[in-house]
Every structure is written in structure tokens, then in C-alpha cells.
Amino acid sequence: MDFSFTEEQNAIRDTAKRFAVEHLLPNYQKREQEGKMSRSAVKAMGELGLIGVELPEAFGGLGADCQTCGVIMEEISRGDFNMASIQIMAGLNGQMICDHAHADLAHEWVPRIISGDALVAIALTEPHAGSDAVNLKLEAQKSGDKYLLNGEKTSISLATQADVTIVFARTSDDGARGVTAFLVPMDLPGISTSAFNDVGGKSIGRGSIFFDQVEVPAKNIMGDIGQGFKIVMHGFDYSRVLIGMQCLGAAMQSVEETWAYVGEREAFGRPIAKFQGVSFPLAEAETDLAMGRFLCYEALWRRDQNLPHTKEAAMCKWWAPKKAHDILIQCVLLHGHAGWGDDYPHQQRMRDVMGLQIGDGTAQIQKMVIAREVAGKVTVSHV
Ligand SMILES: Cc1cc2nc3c(=O)[nH]c(=O)nc-3n(C[C@H](O)[C@H](O)[C@H](O)COP(=O)(O)OP(=O)(O)OC[C@H]3O[C@@H](n4cnc5c(N)ncnc54)[C@H](O)[C@@H]3O)c2cc1C
């Protein structure tokens, strides 16, 4: 067992860390107020080779392992939790496009995603189908060499900002086997979007995407007809780990900043760090963060080794966002009244992280996955 990072991973961590500290951290809260991604910051990350490192070199990636992407996630998220969603979107969607989209389309889009010139979204959820995504209804009807898309996707990250989206649509009534993935440029006629006013994650933004007789060439089908669910579930086994890393990264940054604060702030004539009521929550946070990192890196390592990791990914997805959120609440509280305002970023991190207890599948759904992986179908309610 080797717990060390490679020279390449350390080098890329240094690059990501420098960029995060110098360019992201100072404007984390400003970007929330602007309510959108900074395209110039995304482009700068792309130029530094920090997006889609795990994607094949043929498409502009580095062909790195998934653990290397985890290293980048931690550092970018320390600078700006929301910006780290770019790595997740690129890793999750970019891999699906490389593996399953028509080669022409993959070569058109993936290099642009990696360079930071294009934003990619994933549209699975519908107003009536979130946890129960198999129940989705957005219709894709064949019409010659095209498909006509009609319906609504909702709760979609980057809905109003994405340049291209992987859309899951119903091509037959055959349950999960009736769902097909389409690569859909967002400037096609008949597509419109609306934005939500969320508690956190405001620079990523969520919204609905409406499809009104949207003509999509059959060439834009990803994989085979009816394979949409299979494709996305393998992808979720990756994004769920990266989300864990993203949430832990934000909490690590706040814990580090809070240690500094409690070492300076005085009450009862001494630094508050001298009170165990103050230092112990941070010591507990350090313990949880260390445990969470081990879990996430092990899951990424398993993916790199082509070992099963569905269970581990689900563990990362429910546990890390919850722990990170709990830790961030402590960081807010340990700042006293000062924490309850925008002088410090902890309240924003707390709100940003909380959303990812829901996005990409709730804790209940992840626990169902873990139970099924360990004990089999006896634990599945709908079988
Ligand atoms: C920040 C954020 C980003 C998101 N980004 C995207 C995106 O980019 N693309 C996309 O497609 N979707 C996205 N989503 C949607 C997200 O994936 C869904 O919200 C999520 O899967 C839950 O679905 P739901 O909201 O319909 O909740 P519901 O399915 O209605 O569930 C409501 C509650 O019931 C619980 N529940 C449901 N079924 C069960 C069960 N069988 N057993 C126990 N409890 C159950 C759930 O855990 C939850 O607590 C995002 C959501 C958020 C909050």
C-alpha cells in the first residue's frame, strides 16, 4: 500500500493550488454575486491543463488517471467550490462523449471542453422524475434521419450557460431500456431555458431546459438506442467520487482559515483556540477530512484499476457532502457573529456544499445503492 502521490500528481497539485490561491480564492464571493461562471477563469484553467486531465490525449486531455483529477478537484474547490464543478462536468460528460458519441462530434466538442472554451451540462432530471429517473418522459421521436425532442428537463446545473448538453430522452416505453442519450448543442432552434434562484451554487446556477420540436440529427445519439442509462450510471460512479472531493476541498479550506481565526480571536483574555470547546470541533473535522480523503482516493484508485467501485462511489457521495456541510456549520459558528455575514466565505461554502447532498443523487439513494451492492436484490424495494 502506497499513500504517496506521484511526481506528476504533485506537480499538477502545485499548479492547481497556485491558480486557486491567486486567481480563484480572492473572487469566490464576487462570483456568487455575479451569478454566473467566469468564462475567463474557466479558460485560464483550461490553458493550464487543469480541465479533463483524465480524457484521452487524442481529444486534448492528458490521459492521466482519475486520482490526478481528484488532486485537482481538491485544490480548485479550496479556491472556489463552484469552479470545481467544471472539472466534474468535463470528466463525467467528456468521458461519455469520448466513449459513446460519434467521432466527428467528439472531436468537435471535447477539445473545446478541455480548453475551457465550451461548457457542458447533463440533463437527466425532469419535474416528476429525480431519484426515480427511470420514469423520465422527455420524448425523442424518430423523423427520417432526425429525432424530434419535446419536453422539459429541470434542476439542470449550468442550464442557462452550457454550450452543449447530454440529454436523456425516451425512445421507447421499455423502462430503463427505453432511454437514449443525445448530444445536443444548446443553440438548436426550439430550446429555451429558465433560471432558478438557489440557496447556493449560484455561479453554476440551475434551471429548466425546454424542448419544443427540437430537431436533433440521429448522428447525435450517444452509444446505442436504449443504452442511455447504462452509459450514465458508469459515469455517476465517477462524478460521485469527484463530488466527494469537491465538498471536502471546500471544508478543508474553511478549517484551515478557521484555525487561523481562532488562534487570533480572543475571549476571556486569551485566544479562543485555547478552549477545547473551540479546538475539538476542528480536531474532529481534521479527522473526518482525513477519512473522507482516503475513501475518495481509494474509490478513484479502484476506478483507475478497473475494479468495481459503485459501492465506494455511493459512500463518497453521501458521506463527504454531509460531513463537509457539518464541518462548515462549525466553521461558521466558531467565527461567532462574524461568521453570520459575508465578511467571511464560510457561510457561502456551507450553502454551496449543501446542494450537493441532493445533486447527483440524495443520501437515501446512495444508501440504497450501497445496500444493493452488499446484500443484493433483497434490499431493493421496487423488485
Ligand atoms: C445542486 C443541484 C444540482 C443538480 N444538478 C443536476 C444536473 O446537472 N442534472 C440533472 O439531471 N439533475 C440535477 N440535479 C437534480 C438531482 O439529481 C435531483 O434533485 C435528485 O436526484 C433528487 O431528485 P428529486 O429532486 O426529484 O427528489 P425526489 O426524488 O422527489 O426525492 C425527494 C426526497 O425523497 C427521498 N426519496 C425518494 N425516493 C426514495 C426512496 N426510494 N427511498 C428513500 N427516500 C427516497 C429523496 O432522497 C429526497 O430526500 C441537481 C440537483 C441539485 C440540488
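Indexing begins at 1, ligand by ligand and atom by atom, following the structure's order. Values in this document were obtained by computation on a predicted structure and should not be read as measured data.
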- Query: Any chance the rings of F275 and F280 have centres within less than 6.0 Å?
  - Reply: no
- Message: To the closest 0.5 Å, what do you measure between CZ (F182) and CG (L138)?
- Response: 9.0 Å
- Look at the aromatic rings of Y261 and H335 and report parallel, tilted or perpendicular, splitting at 30° and 60°. parallel
- Query: Does F5 have R13 sitting over its ring (NZ/CZ under 6.0 Å from centre, angle to axis within 45°)?
  - Reply: yes
- Can an N or O of S157 be found at a distance shorter than 3.5 Å from an N or O of ligand 1? yes
- Item | Non-hydrogen side-chain atoms of D99 and M222 separated by less than 4.5 Å | no
- Is any side-chain heavy atom of D65 closer than 4.5 Å to a side-chain heavy atom of W301? no
Select the closest option to [atom] among [options], judged by heavy-atom distance.
| atom | options | answer |
| --- | --- | --- |
| atom 1 (C) of ligand 1 | S131, G355, G205 | G355 |
| atom 49 (O) of ligand 1 | M368, K153, Q364, R206 | Q364 |
| atom 18 (C) of ligand 1 | N93, L356, V380, T125 | T125 |

- Query: With a cut-off of 4.0 Å, which atoms of ligand 1 are near a heavy atom of D360?
  - Reply: 17 (O)
- Which ligand 1 atoms, with their elements, are less than 4.0 angstrom from a heavy-atom of I358? 19 (O), 20 (C), 53 (C)
- Using a distance threshold of 4.0 Å (strictly less than), state whether atom 30 (O) of ligand 1 has a protein heavy-atom neighbour. no
